[in-house]
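One structure is given below, encoded as structure tokens.
The structure displayed is predicted, hence computed values, not measured ones. In listed order, ligands and their atoms are each counted from 1.
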Amino acid sequence: MKSFDHYLKLTEEIGFVEESRQSLVYVRGLPNATIQEIIMFETGESGIILSLTSEYAEILTYSKYPVKTGVRATRTGSKQEMPVGFEVLGQTVDSFCNPLNVGSTFTKPKVSRPLDVSPTGIADRKRIEKTFETGVAIVDFLVPLGKGQRELVIGDRKTGKTSFLYQTIIKQAKLGTICIYAAIGKKKADIKRAEAVFKKHGIENNTVIIASGAEDPSGIIYLTPFSAMTLAEYFRDEGHDVLVVMDDLFTHAKFYREIMLIGRRFPGRNAYPADIFYLHARLLERAGNFLLKNNAEVSITCLPAVDSVQGDIAGFIQTNLMSMTDGHIYFDVDLFAKGRRPAINPFISVSRVGRQTQSSLSLSLNREIISLLTSHNQIESFSHFGSETGPDTKRILTTAERIFTFFTQGATEVTDTNLQIVIFGLLWLETWQEIPTMEKDIEVLQKTYLESPQAQAMVKEIVASSPTLNDMLEIVKKRKYDLLQTMGVH
Ligand code: ATP
Ligand code: MG
């Protein structure tokens with residue numbers, strides 16, 4: 001940004017602050033001001049125009065302290081932009097791309113893009129057909145996602161949402177996707193936690209953290225997800241698949257509500273202004289699967305997170321977001337309390353487009369597991385009455401228990417889908433009688449798989465030559481001894 005005098009000379013328009021309400025100021029003057037234009041104050045602060053009446057321009061400022069009345073203001077003639085470029089990879093930046101990490105040697109990119117643009121039209125989009133792996137087995141098996149999908153991550157506080165988002169970033173960054181983590185109004189410790197996780201897994205060069213702190217001015221927190229999306233669009237246009245994680249949009253909605261209530265907008269449901277729907281829909285619509293000018297196919301996958309309160313997912317913001325995404329992953333507070341990790345409830349989770357990206361093998365696996373877990377749930381509700389269990393029922397109970405163990409995963413562990421499919425085959429063939437042996441063996445299998453190219457080739461071949469679950473089971477049955485031997489289990 002240049003100086004106040006520079007813009008005053010350029011636009012030759014001057015206005016005065018008439019009223020100042022925290023981060024909103026009302027300026028009289030500036031006859032040619034337009035919506036979303038940046039306004040500069042003589043004190044060096046700036047802000048964007050939220051609305052215009054015949055007398056006032058309503059301006060959202062980016063400063064920590066209220067702008068005083070009587071201060072002079074001028075137009076800049078430009079809309080809010082942010083610098084974009086590959087330089088930001090590996091950095092933690094604010095909504096305007098200023099470095100946040102101490103001692104950063106980062107130079108701001110030269111190219112800039114506007115923060116608020118219309119979503120890409122339908123003609124430049126393409127049907128979602130590629131699988132998007134999250135590295136979390138229960139999601140990849142039961143709630144599969146596609147590249148370019150928007151999937152809401154919903155759940156009560158402290159149920160593992162952020163951990164899941166980190167796992168997805170770790171998996172995708174290792175696959176070469178550029179990952180943008182938008183930390184919206186987070187505590188400093190949360191931002192540090194994200195940095196530490198990315199560094200530990202050696203993926204910092206494929207990730208960017210765009211962060212605003214809880215103590216930042218509302219205007220800056222409001223812009224954070226838009227900055228993330230703008231950066232994502234830049235990488236997309238450069239031909240890269242991008243993942244944008246927004247942690248979380250509930251906080252975003254709360255800050256937007258605060259700004260709007262200060263601006264005395266008419267409060268709607270739960271005091272949120274009615275245009276909160278438009279705001280979020282316009283933001284999420286910018287994700288998708290796109291066709292570039294050179295016919296290359298690239299995607300922006302978006303995972304917004306949202307808090308629910310006491311398991312109630314029918315809140316205003318939550319249902320709004322559900323209706324503008326392609327499904328949701330539900331983190332169940334009851335399952336979390338029972339010790340299930342991750343605490344994802346596959347029965348309440350939905351993926352509207354991911355299934356169309358799945359192979360027939362994955363689809364048949366999905367069907368079998370869901371049908372077994374459904375039977376398990378029914379039996380569980382019955383067995384409270386102390387009824388006798390027959391051999392069939394027993395089999396369902398023990399298999400379900402093994403499946404839950406199979407889906408158990410640590411907070412930063414990521415899995416390989418092919419390996420998981422083969423392990424599932426072994427489980428389904430009742431390879432393990434005892435849960436502790438199973439846990440121990442799976443650990444060995446995963447370790448060997450990482451280290452041995454021979455094991456990887458074998459697993460790949462088994463999955464590639466099995467069009468359905470039955471085919472896979474047959475192959476695994478035939479080669480079980482050989483397989484376990486190669487994978488280091490005796
Ligand atoms: P918040 O509401 O604060 O954003 P959240 O829903 O994002 O919370 P996390 O911060 O991801 O939840 O996780 C809460 C706690 O649960 C953390 O201490 C985390 O280590 C633990 N946790 C989450 N997932 C797992 C897992 N798969 N295995 C073990 N621990 C986990
Ligand atoms: Mg979180």
Side-chain angles (χ1 to χ4, degrees), residues 92 133-143 151-172 179-201 207 209-215 221 224-225 228 243-255 302-313 315 317-318 321-322 328-346 348-349 403-416 420 435 439 442-443 446:
T92 304
E133 280 179 50
T134 63
V136 177
I138 188 165
V139 175
D140 291 337
F141 272 65
L142 302 184
V143 206
E151 182 85 358
L152 187 65
V153 174
I154 184 167
D156 278 19
R157 298 208 46 225
K158 296 268 169 264
T159 49
K161 299 182 299 296
T162 303
S163 305
F164 165 72
L165 296 170
Y166 288 163
Q167 283 166 303
T168 310
I169 291 177
I170 294 167
K171 179 77 190 182
Q172 283 295 320
C179 302
I180 302 171
Y181 179 71
I184 305 170
K186 289 265 168 217
K187 290 190 295 257
K188 283 215 172 71
D190 291 329
I191 299 166
K192 285 272 166 291
R193 178 178 156 207
E195 283 174 359
V197 170
F198 299 164
K199 191 154 252 154
K200 182 165 165 246
H201 289 266
T207 51
I209 300 175
I210 297 195
S212 52
E215 71 293 343
I221 298 176
T224 315
L243 163 67
V244 185
V245 166
M246 295 174 182
D247 201 4
D248 63 300
L249 285 188
F250 195 53
T251 312
H252 186 245
K254 280 195 287 197
F255 277 99
C302 184
L303 297 177
V306 68
D307 279 354
S308 58
V309 182
Q310 295 196 328
D312 175 20
I313 54 174
I317 297 299
Q318 291 81 357
L321 288 168
M322 274 182 197
H328 56 264
I329 296 173
Y330 178 58
F331 283 79
D332 196 325
V333 68
D334 294 335
L335 292 181
F336 194 87
K338 275 189 198 158
R340 190 90 64 77
R341 300 286 183 278
I344 294 168
N345 186 332
I348 304 181
S349 301
I403 291 176
F404 289 133
T405 311
F406 167 73
F407 282 142
T408 301
Q409 200 172 327
T412 54
E413 274 171 39
V414 290
T415 57
D416 180 279
Q420 290 300 112
I435 298 276
E439 281 172 340
I442 289 183
E443 213 168 286
Q446 280 166 339

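Contacts between Phe336 and ligand 1, counted as non-hydrogen atom pairs separated by less than 4.0 Å, involve the side chain only.
Shortest contact from atom 2 (O) of ligand 1 to any protein heavy atom: Lys158 N, 3.0 Å. At the top of the distance list for atom 6 (O) of ligand 1, counting protein heavy atoms only, stands Lys161 NZ, 2.8 Å. Looking at atom 29 (C) of ligand 1, its nearest protein heavy atom turns out to be Arg341 CD, 3.8 Å. Of the protein's non-hydrogen atoms, Thr162 OG1, 2.6 Å is the one closest to atom 7 (O) of ligand 1. Among protein heavy atoms, atom 20 (O) of ligand 1 sits closest to Ala411 CB, 4.3 Å. Considering only non-hydrogen protein atoms, atom 12 (O) of ligand 1 sits nearest to Gly160 N, 2.9 Å.
Distance check for atom 18 (O) of ligand 1: every protein heavy atom is found at 4.0 Å or beyond.
Here the closest heavy-atom approach between residue Ala137 and residue Thr415 is recorded as N-OG1, 3.8 Å.
For the pair Asp247 and Lys161, the salt-bridge criterion is not met [side-chain N within less than 4.0 Å of a carboxylate O].
Counting atoms of ligand 1 from 1 in the listed order, those under 4.0 Å from a heavy atom of Gln409 are 26 (C), 27 (N), 28 (N). Atom numbering of ligand 1 starts at 1 in the shown order; those under 4.0 Å from a heavy atom of Gly410 are 26 (C), 27 (N), 28 (N).
The nearest N, O or S atom of Ser163 is not closer to the Mg ion (ligand 2) than 2.8 Å.
Using modelled atom types, no side-chain atom of Asp332 and backbone atom of Ala343 make a donor-acceptor pair closer than 3.5 Å.
Under the 4.0 angstrom criterion for non-hydrogen atoms, Arg193 is in contact with ligand 1.
With contacts defined as side-chain heavy-atom distances shorter than 4.5 Å, the pair Leu142/Phe407 qualifies.
Annotation: Ser163 places an N or O atom under 3.5 Å from an N or O atom of ligand 1; distance criterion only.
Taking a 6.0 Å sphere around CD of Glu215, one finds it holds more than 12 heavy atoms contributed by other residues, nucleotides or ligands.
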(request) Report the C-alpha separation of His252 and Leu249 in whole Å, then their side-chain angles, then the decisive distance to 0.1 Å, and conclude whether the side-chain contact (heavy atoms from CB on, under 4.5 Å) test is met. (result) CA-CA 5 Å; His252 186 245; Leu249 285 188; 4.1 Å; yes

